[in-house]
Participant: 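Below is a structure I'd like to ask you about.
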2 protein chains.
Amino acid sequence: MNATTPAPRMTRQRREILEALDTRDFRSAQAWHERLRSEGSTIGLATVYRGLQSLADQGEVDAVVAESGETLYRRCEAGDEHHHHLRCRACGKAVEIDVPEFEAFAHRIAEQHSYGDIRHTIELTGVCPECTAAGKG
Amino acid sequence: MNATTPAPRMTRQRREILEALDTRDFRSAQAWHERLRSEGSTIGLATVYRGLQSLADQGEVDAVVAESGETLYRRCEAGDEHHHHLRCRACGKAVEIDVPEFEAFAHRIAEQHSYGDIRHTIELTGVCPECTAAGKG
DNA sequence: CTGATTTCGACAATCATTCTCAACTGTGCC
DNA sequence: GGCACAGTTGAGAATGATTGTCGAAATCAG
């Protein structure tokens, strides 16, 4: 376990990304970039992509692939714990949810078919109360 | 349900796509295209994309977005029934699975948060016995 | 501070997918 | 069978997200 991954430096840009992520929305890398720019940052798009990816690798942010193929990022509660989300398709607001029953189920199914190295994705999407009210449903 | 969608014509290309899909693997549109070409077809890539999409709309094939962002297609058992898959990350072989417990759970969670128009994605991936044996894991 | 190394950012490149449009072909009608 | 015509096709261009490139700028160790 010797530092094969030399801890990334804490640069202004990295700090900005982390700060922006505090809003805890699910947004695409491009959207985060726009947001940072609109707040006066001069950060580059490639930097945002790199930053989000490295944070995702470290488990600091969750990355989910939307139906459109875009990857959405969001800062997550715990770096370690495995969890899923209920995300609003209209505004991106997300709630972390826990699906203990499913974790067990997944492994049972996998074993039945002798599949190894199981990984699973559960994505719940819907329209949140606010957006429903606003007619964005 | 009155034919607002004028039934697509049965062309040579459409027939070829349908035939290829009989192998029931999960493959990307590009992969299906290559396969058809390698079998002597002169079908175009755009046609494969269009064909797969329209079949997906009709519920004839399942479409899932892989982690890479590619969309994978596979002919499915029942047009109507909602189901999920356990897919091999190495060879694409997939098994249809049923997760009745989860369907209920999803709706319960959604209601707790007052989210409407719920949709869910469950993707189980692993490495099948054959690929594990072949060391592709 | 100074130098070695990493990270940045503008832009080019890549990859999957969609669009454009002229040529082609099922389908319904005679 | 043959005709007309709207739906389809296929090559290539266009798009949109993401990744690679590389000189310039910034960070960290000494």
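Because the structure is predicted, anything quoted here is derived from the model rather than measured. Hydrogens, waters and symmetry mates play no part in the numbers below; they use all other heavy atoms, side chains included. All chains are named by letter (A, B, ...) in the order of the sequence lines, taking the proteins before the strands, and each is independently numbered beginning at 1.
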Participant: Identify whether any heavy atom of B:Thr11 sits under 4.0 Å from a base atom; if not, whether one sits that close to sugar-phosphate; answer base, sugar-phosphate or nothing.
Facilitator: sugar-phosphate
Participant: Give the rounded distance in Å between these two atoms: CZ of B:Arg14 and P of C:dT25.
Facilitator: 18 Å
Participant: Does a salt bridge link A:Glu67 with A:Arg89, judged by any charged N lying under 4.0 Å from a carboxylate O?
Facilitator: no
Participant: Spell out, as yes or no, whether a donor-acceptor pair under 3.5 Å connects the side chain of B:Arg37 to the backbone of B:Ile43.
Facilitator: yes
Participant: Please lay out, stage by stage, how B:Arg12 and B:Thr42 fare under the test side chain to side chain contact (heavy atoms under 4.5 Å, CB included).
Facilitator: CA-CA 10 Å; B:Arg12 171 177 58 80; B:Thr42 58; 3.8 Å; yes
Participant: Without decimals, in angstroms, what is the distance between A:Leu36 CG and C:dC8 P?
Facilitator: 12 Å
Participant: In this structure, which one of B:Val64, B:Thr121, B:Ile122 forms a side-chain contact (heavy atoms from CB on, under 4.5 Å) with B:His84?
Facilitator: B:Ile122
Participant: Describe the nucleic acid contact of A:Thr42 in one word from base, sugar-phosphate, nothing, applying a heavy-atom distance below 4.0 Å.
Facilitator: sugar-phosphate
Participant: Taking the six-membered ring for Trp and the single ring otherwise, decide whether the centroids of A:Phe102 and A:His120 are under 6.0 Å apart.
Facilitator: yes
Participant: For B:Cys128, is there any backbone N or O sitting under 3.5 Å from a side-chain donor or acceptor partner on B:Thr132?
Facilitator: yes
Participant: For the helix from C:dC1-D:dG30 to C:dC30-D:dG1, what is the angle between the axes at its two ends, each from 5 pairs, rounded to 10°?
Facilitator: 40°
Participant: Expressed as a whole number of angstroms, how long is the span from A:Ile17:CD1 to C:dC8:C1'?
Facilitator: 11 Å
Participant: Any idea which heavy atoms bring B:Ala20 and B:Leu36 closest together, and the distance?
Facilitator: CB-CD2, 3.8 Å
Participant: Are B:Leu18 and B:Phe26 co-members of a hydrophobic cluster defined by side-chain heavy atoms under 4.5 Å apart?
Facilitator: no
Participant: Please examine the side chains of A:Pro129 and B:Tyr115, heavy atoms only from C-beta on, and report whether any two atoms are closer than 4.5 Å.
Facilitator: yes
Participant: If you find the nucleotide of DNA chain C closest to A:Ile43 and the one closest to B:Ala29, which residue's nucleotide is nearer the 5' end?
Facilitator: A:Ile43
Participant: Which of residues 63-71 of chain A sit near DNA chain D, with a heavy atom under 4.0 Å from it?
Facilitator: A:Glu70, A:Thr71
Participant: Hey, which of these two, A:Arg37 or B:Arg50, hits DNA chain C nearer its 5' end, going by closest nucleotide?
Facilitator: A:Arg37
Participant: If you measure from the Lys or Arg side-chain nitrogens to the Asp or Glu carboxylate oxygens, is any gap between B:Glu39 and B:Arg35 under 4.0 Å?
Facilitator: yes
Participant: What integer distance in Å separates B:Leu72:CG from C:dA16:P?
Facilitator: 12 Å
Participant: Whole-Å distance between C:dT5 P and A:Met10 CE?
Facilitator: 22 Å
Participant: Using only modelled atom types and a 3.5 angstrom limit, is any donor from either the side chain of A:Arg9 or the base of C:dT5 paired with an acceptor on the other?
Facilitator: yes
Participant: Tell me: NE2 of A:His33 to C1' of C:dC8, nearest whole Å?
Facilitator: 12 Å
Participant: I need the CG-P distance between A:Leu45 and C:dC8, as an integer number of Å.
Facilitator: 13 Å
Participant: Where does the chain B footprint on DNA chain D start and end, counting 5' to 3' with a 4.0 Å heavy-atom cut-off?
Facilitator: D:dA6 to D:dA11
Participant: Regarding A:Ser28 and A:Gln30, is there a side-chain donor-to-acceptor distance under 3.5 Å anywhere?
Facilitator: no
Participant: Please state how far atom CG in B:Leu52 lies from atom C1' in C:dT17, giving the value in whole angstrom units.
Facilitator: 12 Å
Participant: Can you tell which of A:Asp62, A:Val95, A:Leu124 makes a side-chain contact (heavy atoms from CB on, under 4.5 Å) with A:His85?
Facilitator: A:Asp62
